[in-house]
Number of protein chains: 2
Amino acid sequence: MRTSDLAKRAGVRAETVLFYEKAGLLRPPPRTESNYRCYQPADADRLSFIRRARELGFDLSTVRQMLAASDNNGQDCSTIDKMAREQLIEIQQKLADLKALESQLRSLVSQCAGGMISECRIIEALASGTQSTRSDLAEGRPNS
Amino acid sequence: MRTSDLAKRAGVRAETVLFYEKAGLLRPPPRTESNYRCYQPADADRLSFIRRARELGFDLSTVRQMLAASDNNGQDCSTIDKMAREQLIEIQQKLADLKALESQLRSLVSQCAGGMISECRIIEALASGTQSTRSDLAEGRPNS
DNA sequence: TCTTGACCCTGTAGTTACTACAGAGTGTAG
DNA sequence: CTACACTCTGTAGTAACTACAGGGTCAAGA
């Protein structure tokens with residue numbers, strides 16, 4: 001398999017394959033006489049593994065460790081387990097943040113009734129929070 | 001106010017203030033004789049506006065447009081409204097993605113019963129999806 | 001045989017929103 | 001006078017790719 005064939009199988013770009021090699025996730029495959037990379041089906045599996053882990057939000061260095069662990073069958077499962085649990089907690093935190101953000105944004109959007117900027121509720125909401133009113137958002141020193 | 005005073009008021013770093021100036025969000029303030037930046041309270045309001053918008057997930061170019069709109073009181077509110085609605089949709093999409101991700105990850109984590117890597121359910125789950133079994137994750141060409 | 005087009009290679013620069021210096025100058029307290 | 005804390009500019013680093021530039025290779029068609 002050539003680089004682009006491997007890439008297609010996993011649904012990534014050829015550049016990404018090269019990037020993963022440089023990043024130490026994919027091993028340098030043998031080359032043809034003309035220096036083209038030559039991949040085996042097993043490489044496609046490894047690449048799919050990487051993609052699945054990435055889609056679950058694991059970062060590259062975590063994926064690297066997972067691959068190392070999976071290459072090392074005798075090892076204890078707890079490292080991997082710990083990484084997954086940490087990732088879960090991180091995702092749950094992000095989820096909570098995003099939920100809060102969504103409700104704030106929804107309330108922001110619901111307040112807009114059209115009309116002029118000067119009475120825009122969205123701008124007002126973003127400007128409020130300090131004691132100042134919207135009339136002086138560092139105006140008076142225009143820059144253009 | 002000096003740069004770091006302004007920064008403290010909005011809870012950002014001094015470098016971030018400079019960065020926002022370079023990015024065209026904060027206007028270059030007047031300088032002292034020795035070339036130090038001299039901010040007014042209104043600049044703090046503008047910076048807070050930026051921070052609030054950023055915390056709601058708006059990107060810098062959107063924030064720039066919002067500031068431009070808010071500097072231009074006569075303008076119609078619909079541009080801002082549109083930006084906020086688009087942002088809401090984006091956040092809702094991310095929220096949905098993250099929810100799906102969380103449940104996948106939760107099921108992954110719940111399957112781990114400890115033990116050796118060779119029978120790790122987490123690795124298995126990441127490796128599955130193609131027809132291949134976990135025994136051949138591009139092994140056989142170790143690289144170290 | 002020559003050419004065209006589609007690949008492949010390496011290496012570098014761009015993206016976002018900052019953060020972290022390096023190397024220089026300034027201001028003030030002891 | 002000196003130490004220390006600040007300021008300035010400019011550049012390089014972060015994550016995970018993406019997008020070239022400038023070269024080489026290969027197979028099919030004229």
Side-chain angles (χ1 to χ4, degrees), chain A residues 1-39 43 46-67 83 86-87 90-91 94 97 101, chain B residues 1-39 43 46-67 83 86-87 90-91 94 97 101:
Chain A
M1 250 190 297
R2 296 271 174 279
T3 302
S4 68
D5 300 321
L6 184 73
K8 260 170 223 146
R9 284 212 192 182
V12 303
R13 302 179 173 253
E15 286 102 331
T16 306
V17 171
L18 301 187
F19 171 73
Y20 286 156
E21 184 181 318
K22 242 187 273 185
L25 302 184
L26 288 176
R27 280 187 281 259
R31 305 291 185 106
T32 66
E33 276 189 359
S34 52
N35 202 30
Y36 286 14
R37 284 174 182 80
C38 237
Y39 292 102
D43 294 310
R46 194 176 177 95
L47 180 53
S48 295
F49 181 102
I50 296 169
R51 285 317 301 169
R52 252 172 251 122
R54 290 284 306 122
E55 276 158 19
L56 288 174
F58 292 99
D59 63 23
L60 286 189
S61 101
T62 304
V63 178
R64 200 168 11 241
Q65 292 172 60
M66 286 175 152
L67 286 165
M83 290 190 288
E86 282 170 4
Q87 176 64 10
E90 227 172 274
I91 293 299
K94 270 190 197 162
D97 291 351
L101 203 155
Chain B
M1 252 189 300
R2 295 269 175 280
T3 303
S4 68
D5 301 321
L6 183 73
K8 260 170 224 145
R9 283 212 192 182
V12 303
R13 304 180 172 253
E15 285 103 331
T16 306
V17 171
L18 301 188
F19 171 73
Y20 286 156
E21 183 181 318
K22 242 186 275 184
L25 302 184
L26 288 175
R27 279 187 280 259
R31 305 291 186 106
T32 67
E33 275 188 0
S34 52
N35 204 31
Y36 286 13
R37 284 172 182 81
C38 238
Y39 291 102
D43 294 309
R46 194 176 176 95
L47 180 52
S48 296
F49 181 103
I50 297 169
R51 286 314 303 168
R52 252 171 252 121
R54 290 284 305 123
E55 275 156 20
L56 288 174
F58 291 100
D59 63 23
L60 287 189
S61 102
T62 304
V63 177
R64 199 168 11 239
Q65 292 172 61
M66 286 174 153
L67 286 165
M83 291 190 286
E86 282 170 3
Q87 176 64 8
E90 227 171 273
I91 294 297
K94 270 190 195 162
D97 291 352
L101 204 156

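Each chain gets a letter, A, B and so on, in the order its sequence line appears, and its residues count up from 1. Below, all heavy atoms of this structure are taken into account, side chains as well, without hydrogens, waters or symmetry copies.
Atom CG in A/Leu6 sits roughly 11 Å away from atom P in C/dC8 (whole-Å rounding). B/Leu18 places its CG atom 13 Å from the C1' atom of D/dC6, with the value rounded to the nearest Å. The interatomic distance linking B/Arg64 (CZ) with C/dC18 (C1') rounds to 14 Å, in whole Å. Following rounding to the nearest Å, A/Leu26 (CG) and D/dC17 (C1') show an atom-to-atom distance of 14 Å. Atom CD1 of B/Ile50 and atom P of C/dT16 are 17 Å apart (whole Å). Atom pair A/Phe19:CZ and C/dT15:P shows a separation of 17 Å (rounding to whole Å applied). Between the CG atom of A/Asp5 and the P atom of C/dC8 there is a distance of 7 Å, given to the nearest Å. Taking atom CG of residue B/Asn35 and atom P of nucleotide D/dG10, one finds them 11 Å apart after rounding to whole Å.
Listed nucleotides: D/dA19, C/dA20, C/dC8. Nearest to the side chain of A/Thr3: C/dC8. Nearest to the side chain of A/Lys22, among C/dC9, C/dT19, C/dG11, sits C/dG11. Listed nucleotides C/dG27, D/dC26, D/dT18 differ in distance to B/Ser34; the shortest reach to its side chain belongs to C/dG27. Out of C/dA20, D/dC17, D/dC8, the shortest distance to the side chain of B/Arg13 is found at C/dA20. Nearest nucleotide to the A/Leu60 side chain, out of C/dC9, D/dT7, D/dC17: D/dC17. If you check D/dT9, C/dT19, C/dC9 against the side chain of B/Arg37, the one that comes closest is D/dT9.
Taking the C1' atoms of five terminal pairs at each end of the helix from C/dT1-D/dA30 to C/dG30-D/dC1, the two resulting helix axes are inclined by 30°, rounded to 10°.
At the phosphate of D/dT18, OP1 or OP2 sits under 4.0 Å from a side-chain N or O atom of A/Thr16. For A/Arg2 and C/dC9, the shortest distance from a side-chain N or O to OP1 or OP2 is not below 4.0 Å. Distances shorter than 4.0 Å separate none of the side-chain N or O atoms of B/Arg54 from OP1 or OP2 on C/dT16.
Rounded to the nearest 0.5 angstrom, A/Glu55 CD and B/Asp97 CG are separated by 10.5 Å. Remark: B/Ile50 CD1 to B/Met66 CE distance equals 12.0 Å, nearest 0.5 Å. Remark: B/Lys94 NZ to A/Leu101 CG distance equals 9.0 Å, nearest 0.5 Å.
Shown here for B/Arg2 and B/Tyr36, the closest heavy-atom pair between the two residues is NE-CD2, 3.4 Å. Nearest approach of B/Ala14 to B/Ser4, heavy atoms of both residues: CB-CA, 4.3 Å. Closest approach of A/Arg27 and A/Glu21 over heavy atoms only: C-CG, 4.5 Å. Nearest heavy atoms, A/Val63 versus A/Ala53: CG2-CB, 3.8 Å. Closest non-hydrogen pair, B/Gln87 versus B/Leu56, comes out as NE2-O, 3.1 Å.
Of the residues near DNA chain D, A/Glu15 and A/Thr32, the one whose nearest nucleotide (by heavy atom distance) lies more toward the 5' end is A/Glu15. If A/Arg31 and B/Asp59 are placed on DNA chain C by their nearest nucleotide, the residue sitting closer to the 5' end is A/Arg31.
When each of A/Leu26, A/Val12, A/Leu60, A/Leu25 is checked for a side chain to side chain contact (heavy atoms under 4.5 Å, CB included) with A/Phe19, only A/Leu60 meets the rule.
Within 4.0 Å (heavy atoms only), A/Tyr20 reaches sugar-phosphate atoms of the nucleic acid but no base atom. Residue contacts shown for A/Arg51 are limited to sugar-phosphate atoms, with no base heavy atom under 4.0 Å away.
With no hydrogens or angles considered, a side-chain donor-acceptor pair links B/Tyr20 and B/Arg51 at under 3.5 Å.
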Please list, pair by pair, any protein nitrogen or oxygen found under 3.5 Å from a nitrogen or oxygen in nucleotides 23-25 of chain C.
residue : atom : partner : partner atom : Å
C/dG25  : N2   : B/Tyr36 : OH           : 2.9

Residue pair B/Tyr39, B/Val17: steps toward the side chain to side chain contact (heavy atoms under 4.5 Å, CB included) verdict: CA-CA 11 Å; B/Tyr39 291 102; B/Val17 171; 3.4 Å; yes

